[in-house]
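Model, not experiment: these values are computed from the prediction. These values consider heavy atoms only, across backbone and side chains, with no hydrogens, waters or symmetry-generated copies. Proteins come first, then strands; the chains are lettered A, B, ... in the order of their sequence lines, and each starts at number 1.
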Protein chains: 2
Amino acid sequence: MRTKPIPESAPETPRRAADRIRETAFDLFYREGIRAVGVEEIVSQAGVTKPSLYRAFESKDELIAAYLRDYDQRFRERFEAPGAEHPRDPKAHLLAYLDRLATRACHDDYRGCGLTNAVIEYPEREHPAHQVAVQSKQNLRERLREMCREMGARDPDELADGLLLLLEGSYVSGQAFGEGGPARMLGVMARRLIEASI
Amino acid sequence: MRTKPIPESAPETPRRAADRIRETAFDLFYREGIRAVGVEEIVSQAGVTKPSLYRAFESKDELIAAYLRDYDQRFRERFEAPGAEHPRDPKAHLLAYLDRLATRACHDDYRGCGLTNAVIEYPEREHPAHQVAVQSKQNLRERLREMCREMGARDPDELADGLLLLLEGSYVSGQAFGEGGPARMLGVMARRLIEASI
DNA sequence: TGACAATGTTACCGATCGGTACGTATTCTG
DNA sequence: CAGAATACGTACCGATCGGTAACATTGTCA
């Protein structure tokens with residue numbers, strides 16, 4: 001056992017080609033858009049070759065779906081993270097997330113929500129990218145409804161939809177306006193809607 | 001004079017190739033996405049040939065820019081139209097537009113705002129599509145501020161940004177959720193924000 | 001009739017797209 | 001060490017991308 005090779009404690013670049021592809025694809029798809037990025041660009045930037053990509057993923061569409069599932073997971077983590085600092089206080093939890101989002105969305109190179117962008121890039125309902133992204137959005141809607149119920153809203157579903165509109169609006173307007181865009185008002189507006197609905 | 005050929009009183013299809021290309025490109029770009037549509041598809045569906053396209057437009061990018069300028073003009077018309085029914089009442093004017101938008105955005109095949117979609121499809125600031133779309137959004141923001149001033153908001157710029165978030169949120173969530181999506185709450189939420197800000 | 005502008009026809013260009021057949025390293029196991 | 005897996009690279013495929021050259025056809029107006 002003691003002679004067993006250590007499993008590379010700090011691998012600056014992942015050993016496995018599939019992982020490198022997945023990470024590179026994530027960055028490129030998010031920053032430049034999915035349709036704008038070809039598989040050639042992904043593999044070359046990942047330092048691997050095309051057959052490695054197609055051994056790990058059935059097709060580009062499957063790689064896209066994997067990217068969106070990764071994005072969904074990271075989103076959930078970002079969304080739920082403030083909950084640790086505000087246990088049993090869904091309102092503070094949600095507002096903390098929105099405040100952080102507002103800051104990010106007003107940064108100049110903000111590129112919005114990868115899932116929202118995917119719905120727009122792939123409007124066909126049958127496309128895997130569309131399906132994964134829409135499913136994630138439906139989960140988010142349900143989660144918001146749950147939080148609105150917990151914070152004692154008169155009509156939780158209604159408030160959840162209002163907040164969802166503000167949220168999605170921040171995603172897209174962040175890209176269009178950059179620094180000083182309308183997303184800076186996200187916190188103010190969300191608080192106003194919540195106060196008027198409890 | 002009487003022998004002069006009548007100028008085709010009801011031309012079901014426009015005579016000029018450039019016009020047909022422009023109209024076909026508008027429909028295809030809007031419904032399927034810009035990057036998803038090739039020039040071949042445009043000319044074949046328009047019933048013309050590729051050289052005709054490139055005689056009227058320098059490049060595909062220029063055709064895209066033309067599409068977005070057309071979209072911007074049609075948007076302005078839709079946005080300003082309710083003003084005729086509500087002269088000197090910017091609040092009623094705006095709410096009338098939002099109510100119509102909410103209805104459209106909850107229809108199942110809604111495809112959002114072509115300008116917003118273009119910003120997402122072309123995130124590079126140098127791209128003509130990006131520039132035309134962003135300029136249109138800045139004009140809209142300024143128009144909203146003007147309306148909020150006229151309706152006597154305490155902080156017109158703040159309210160305008162809040163309404164803009166709801167608006168953009170309706171555009172994108174309409175595509176993701178379709179029938180019964182959050183956009184149905186657009187009118188309620190806009191009224192709530194306005195009432196809390198006057 | 002003749003000149004002119006607009007459009008169609010056909011065939012093509014280099015570049016890039018997503019995807020693959022096939023051979024070569026590397027590594028784990030006996 | 002042998003030998004089977006496992007992981008990867010070289011070189012290539014047909015299709016499509018945006019874009020063009022050269023020429024024929026049409027309708028309009030003088």
Side-chain angles (χ1 to χ4, degrees), chain A residues 1-8 11 13-25 28-29 32-68 118 121-122 124 126-129, chain B residues 1-9 11-25 28-29 32-68 118 121-122 124 126-129:
Chain A
M1 284 294 194
R2 69 185 190 279
T3 56
K4 189 187 208 172
I6 51 170
E8 194 78 16
T13 58
R15 309 192 64 75
R16 323 247 311 168
D19 295 341
R20 308 203 54 193
I21 291 168
R22 202 152 173 159
E23 293 175 17
T24 307
L28 287 175
F29 282 157
E32 302 181 13
I34 300 175
R35 295 197 114 112
V37 174
V39 294
E40 188 63 52
E41 192 182 346
I42 294 173
V43 297
S44 85
Q45 186 155 328
V48 299
T49 55
K50 248 196 284 195
S52 289
L53 194 159
Y54 285 97
R55 275 187 282 265
F57 302 93
E58 267 199 355
S59 62
K60 189 194 178 186
D61 281 357
E62 255 314 302
L63 176 59
I64 295 169
Y67 151 62
L68 293 174
E121 283 203 85
Y122 293 91
E124 308 131 318
E126 307 78 32
H127 197 286
Chain B
M1 281 293 193
R2 67 184 193 281
T3 57
K4 189 187 208 171
I6 52 172
E8 193 79 16
S9 57
E12 63 288 329
T13 59
R15 311 190 65 73
R16 321 244 316 162
D19 294 340
R20 308 202 53 194
I21 290 167
R22 202 151 172 160
E23 291 175 19
T24 307
L28 287 175
F29 282 158
E32 302 183 10
I34 301 175
R35 294 197 114 113
V37 174
V39 293
E40 188 63 53
E41 193 181 345
I42 295 173
V43 296
S44 84
Q45 185 154 328
V48 300
T49 54
K50 244 194 291 192
S52 288
L53 193 158
Y54 285 98
R55 282 178 201 120
F57 303 92
E58 267 199 354
S59 62
K60 189 194 178 185
D61 281 358
E62 255 313 303
L63 176 60
I64 295 169
Y67 152 61
L68 293 174
E121 283 203 86
Y122 293 92
E124 309 130 319
E126 307 77 32
H127 197 285

*Contacts of type side chain to side chain contact (heavy atoms under 4.5 Å, CB included), residue B:Ser44, not counting sequence neighbours*: none
*asked:* So, using side chain to side chain contact (heavy atoms under 4.5 Å, CB included) as the criterion, who are the partners of B:Ala66 when residues are at least two apart?
replied: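 Expected list: B:Arg22, B:Phe57, B:Arg69.
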Atom [atom1] of [X] and atom [atom2] of [N]: how far apart are they, to the nearest Å?
X	N	atom1	atom2	value
A:Asp61	C:dC17	CG	P	15 Å
B:Ile64	D:dG18	CD1	C1'	11 Å
B:Arg16	C:dA6	CZ	P	7 Å
B:Glu40	C:dC17	CD	P	19 Å
B:Glu41	C:dC17	CD	C1'	16 Å
B:Glu58	D:dG18	CD	C1'	14 Å
B:Lys60	C:dT16	NZ	C1'	14 Å
B:Ile21	C:dT7	CD1	C1'	10 Å

*By a strict heavy-atom criterion of less than 4.0 Å, which residues belonging to residues 48-57 of chain B are in contact with DNA chain C?*
B:Val48, B:Thr49, B:Pro51, B:Ser52, B:Arg55
*Who passes salt bridge (Lys or Arg N to Asp or Glu O under 4.0 Å) against B:Glu32, sequence neighbours left out?*
none
*Only counting residues at least two apart or in another chain, list the ones meeting side-chain hydrogen bond (donor to acceptor under 3.5 Å, both in side chains) with B:Arg35.*
none
*Quick one: list whatever passes ring-ring contact (aromatic ring centres under 6.0 Å, His included) with B:Tyr67, sequence neighbours left out.*
B:Phe26, B:Phe29
*To the nearest 0.5 angstrom, please state how far the OH atom of A:Tyr122 sits from the CD1 atom of A:Ile34.*
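With rounding to 0.5 Å, OH (A:Tyr122) is 5.5 Å from CD1 (A:Ile34).
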*Toward the 5' end of DNA chain D, which comes first, B:Ser59 or A:Gly47, by nearest nucleotide?*
A:Gly47
